[in-house]
Amino acid sequence: MTTPFPFTAVVGQDDLRLALLLNAVSPAVGGVLVRGEKGTAKSTAVRALSALMPTLDVVSGCRFSCDPGSPDPACPDGPHEPGAFETRPARMVELPVGASEDRLVGALDIERALAEGVKAFEPGLLADAHRGILYVDEVNLLHDHLVDLLLDAAAMGASYVEREGVSVRHAARFLLVGTMNPEEGELRPQLLDRFGLTVEVAASREPDQRVEVVRRRLAYDDDPAGFAERWAAEEAAVRARIVAARELLPSVRLGDGALRQIAATCAAFEVDGMRADIVMARTATALAAWAGRTEVLAEDVRQAALLALPHRRRRNPFDAPGLDEDKLDRTLEEFSGDDDPDPGPDGPGGGGGQPPSEGPRGDGDFGARPEEGEGGAPQASGAGEQSAVRAAEPFRTKVLSVPGIGEGAAGRRSRARTEHGRTTGARRPRGALTKLHLAATVQAAAPHQRARGRSGPGLVVRRDDLRQATREGREGNLVLFVVDASGSMAARQRMSAVKGAVLSLLLDAYQRRDKVGLVTFRGAAADVALPPTSSVDTAAARLESLPTGGRTPLAAGLLKAHDVLRVERLRDPARRALMVVVTDGRATGGPEPVALAARAARLFAADSVASVVVDCESGPVRLGLAGQLAGDLGGTAVTLDELRADSIAGLVKDVRRRAA
């Protein structure tokens with residue numbers, strides 16, 4: 001078994017370590033979401049925490065880790081005989097991004113359930129994680145329906161498996177930890193709210209701290225067991241402090257003054273619902289217990305707010321999480337009560353807001369922010385170029401979808417065959433049965449009952465009779481924006497309206513769980529301003545800084561987009577693309593620019609790429625060039641005014657008709 005990197009040897013990352021330790025003291029806090037760039041000790045710290053968790057007494061032979069002192073009365077392995085138990089370390093279970101629903105919640109043997117009436121249940125990862133840690137690396141890349149199941153179990157403390165009238169329930173209480181890199185896309189706001197705490201981590205820019213990170217990592221790689229032994233005393237001290245804090249937790253008093261500060265803070269930052277108030281109260285109580293105190297102080301409330309509110313504040317989806325600390329301090333001061341004891345010196349073990357720290361402060365891993373490469377925002381250069389303008393106010397757009405039925409990643413844009421959605425038919429299962437079509441299964445088994453010697457009321461079902469339900473739902477697509485940033489687009493302040501329209505479409509892509517890419521063209525060439533990514537907010541930032549000016553190399557922009565789509569088809573062949581070209585249709589520069597653009601456009605028509613041209617031409621005299629471009633692409637054209645939700649009822653039909 002691999003020796004984990006010691007938790008106390010992680011350099012710096014105080015907020016990350018504190019949030020993890022508070023959940024170890026009080027799992028009711030609700031878990032931790034760790035956001036940060038790659039190479040910042042996110043995974044290292046989470047895996048190291050498992051070694052600090054106190055050991056567990058579990059019922060002998062129970063696959064669901066029941067507590068012998070209070071076994072789950074609904075445990076599928078129960079009822080349990082009293083007295084038989086064993087002691088083992090708390091588990092840390094990792095949920096892979098590509099896991100299936102059955103692997104997460106467990107699976108029922110449908111054949112035995114139908115034929116014998118037996119609830120034969122194979123536990124999943126939620127059962128394995130009960131009373132331990134469930135770790136989801138890259139939680140923002142996890143399929144939405146799996147995140148829903150995961151967070152429902154975390155909130156209820158139980159997992160339910162329902163299949164064709166057969167139901168199994170078991171306890172599933174665990175410390176939920178998710179990590180994510182915001183560059184790869186955000187979680188939906190309602191899912192962010194289900195995590196108790198969130199922390200932002202970043203690599204240190206201090207040379208001394210980075211030196212210490214490298215020194216410790218190299219020492220660990222050379223001799224993991226020896227390195228862990230050198231930190232054994234510190235690990236044991238933190239483990240003992242966790243146990244002491246757990247024992248003290250029921251005695252901690254949350255006074256009315258602290259409770260008023262919590263309520264006032266949540267109201268001041270306009271968080272939705274009451275979950276934030278509850279999480280703050282639990283976090284402040286855990287902070288006091290961690291500090292060895294039985295009273296919650298104002299400093300505990302402040303630290304709880306910094307951990308529990310940044311991801312809950314009401315914000316635009318493209319805004320980074322954060323909290324105005326000056327506003328927080330003013331609110332706490334305004335609602336400071338007289339019933340809180342004088343803070344005085346910190347209790348045993350230090351203040352509530354500091355985790356154990358040894359050695360020089362730094363970062364707990366060894367990655368640095370990569371420099372901007374080809375995907376970076378284009379730099380302003382070239383004659384006649386104008387500085388970037390701000391986008392106009394975004395608006396709600398009508399859905400643009402890809403025609404036909406796909407099989408891509410789950411999302412909310414185009415029709416697709418998925419594991420979730422409305423049932424449209426049945427087929428023989430390929431591999432493990434996941435969604436039973438009961439009527440088709442009974443219909444397949446019914447003609448053979450006499451030959452199989454059926455004599456009782458039960459239906460004799462064999463594996464060949466089982467039928468998999470085919471379902472239709474929605475998929476996420478790759479929406480590739482091809483934006484004309486030439487001088488003609490800057491005339492009459494059109495670029496502000498254009499950016500507002502693209503930003504509106506980006507908001508729509510965010511809500512529909514799409515990947516997005518951004519190609520711009522101006523001057524003499526085209527640039528990939530953002531390669532295809534799930535980080536829609538990054539695309540919005542690149543769009544905001546986009547300058548304009550120069551000629552209109554329309555053909556270069558289309559050819560660059562064609563190359564991006566070709567590479568992306570190799571990487572993710574199941575994800576279908578929708579290209580949105582934002583231009584007035586003009587093509588200038590080089591020999592025969594209009595003819596060259598038309599030939600480039602026909603490449604997309606030959607590949608059956610769904611496309612929409614947003615016509616940005618304005619003024620009393622219109623040349624209709626964007627409409628001609630849409631015809632060459634095999635797509636449809638829509639003006640900026642028609643792009644609004646109440647103006648383009650027929651747009652999707654046009655896209656489908658032209659693609660047919």
Side-chain angles (χ1 to χ4, degrees), residues 23 27 30-34 43 46-47 50 62-66 72 74-77 90-110 113 119-164 166-180 184-185 187-188 190-196 408-411 417-421 429-436 468-469 471 473-476 513:
N23 275 271
V32 186
L33 176 64
V34 187
S43 300
V46 175
R47 294 189 174 98
S50 61
C62 178
R63 298 175 296 167
F64 301 87
S65 303
C66 279
D72 179 12
C75 177
D77 284 356
R91 291 173 178 159
M92 194 196 77
V93 177
E94 294 195 40
L95 174 61
V97 169
S100 66
E101 180 179 337
D102 284 348
R103 185 70 186 99
L104 177 63
V105 302
L108 287 169
D109 189 329
I110 301 297
K119 293 182 181 179
F121 182 69
E122 182 66 30
L125 294 176
L126 291 180
D128 293 342
H130 180 47
R131 303 176 67 200
I133 302 172
L134 182 61
Y135 172 47
V136 189
D137 194 15
E138 306 293 355
V139 64
N140 52 323
L141 303 182
L142 199 65
H143 285 180
D144 284 352
H145 72 281
L146 293 182
V147 176
D148 291 336
L149 291 170
L150 174 65
L151 296 179
D152 284 344
M156 296 185 296
S159 175
Y160 295 84
V161 182
E162 304 281 349
R163 291 286 174 82
E164 307 297 341
V166 181
S167 177
V168 171
R169 173 209 170 277
H170 65 82
R173 293 183 295 275
F174 45 82
L175 194 169
L176 175 63
V177 183
T179 59
M180 60 175 283
E184 296 171 341
L187 276 174
R188 304 197 311 266
Q190 60 268 39
L191 300 184
L192 280 171
D193 183 58
R194 300 295 287 272
F195 283 93
R417 286 180 285 271
T418 63
E419 288 293 317
H420 299 269
R430 296 189 289 268
L433 178 72
T434 56
K435 298 292 181 182
L436 178 75
Q468 174 85 19
R471 301 192 176 193
R474 293 281 168 176
E475 67 177 0
R513 312 300 288 171

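The structure presented is a predicted model; accordingly, all values stated were derived computationally and were not measured.
- The two residues Phe64 and Ala127 make their nearest non-hydrogen contact at CD2-CB, 3.6 Å.
- Put simply, the side chain of Asp102 does not reach to within 4.5 Å of the side chain of Glu122, judged on heavy atoms.
- Among the candidates Leu104, Val168, Val105, the single residue satisfying the side chain to side chain contact (heavy atoms under 4.5 Å, CB included) test with Ser159 is Val105.
- For the pair Leu150/Val147, no side-chain contact is recorded, criterion being any heavy-atom separation below 4.5 Å from C-beta on.
- With values rounded to the nearest 0.5 angstrom, Phe174 atom CZ is found 10.5 Å from His130 atom NE2.
- Within the 3.5 Å criterion, the main-chain N or O of Arg63 finds a donor-acceptor partner in the side chain of Asp77.
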Stepwise side chain to side chain contact (heavy atoms under 4.5 Å, CB included) check, Glu138 with Asn140: CA-CA 5 Å; Glu138 306 293 355; Asn140 52 323; 3.8 Å; yes
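- At a threshold of 4.5 Å between non-hydrogen side-chain atoms, the residues Leu149 and Leu126 do not count as touching.
- The side chain to side chain contact (heavy atoms under 4.5 Å, CB included) test with Val136 singles out one residue from Val177, Leu176, Leu33, and that residue is Leu176.
- To the nearest 0.5 Å, the span separating CD on Glu94 from CD1 on Ile133 amounts to 10.5 Å.
- Looking at heavy atoms from C-beta onward, Ser65 lies in side-chain contact with Arg91 at the 4.5 angstrom threshold.
- Note on ring orientation: taking the six-membered ring where Trp is involved, the planes of Phe121 and His170 are tilted (angle from 30° to 60°).
- Under the 3.5 Å distance criterion, the side-chain polar atoms of Asn23 are matched with a main-chain donor or acceptor of Gly31.
- The CG atom of Leu146 sits 12.5 Å away from the CZ atom of Arg103 when rounded to the nearest 0.5 Å.
- When all heavy atoms of Leu142 and Pro96 are compared, the closest pair comes out as CD1-O, 3.8 Å.
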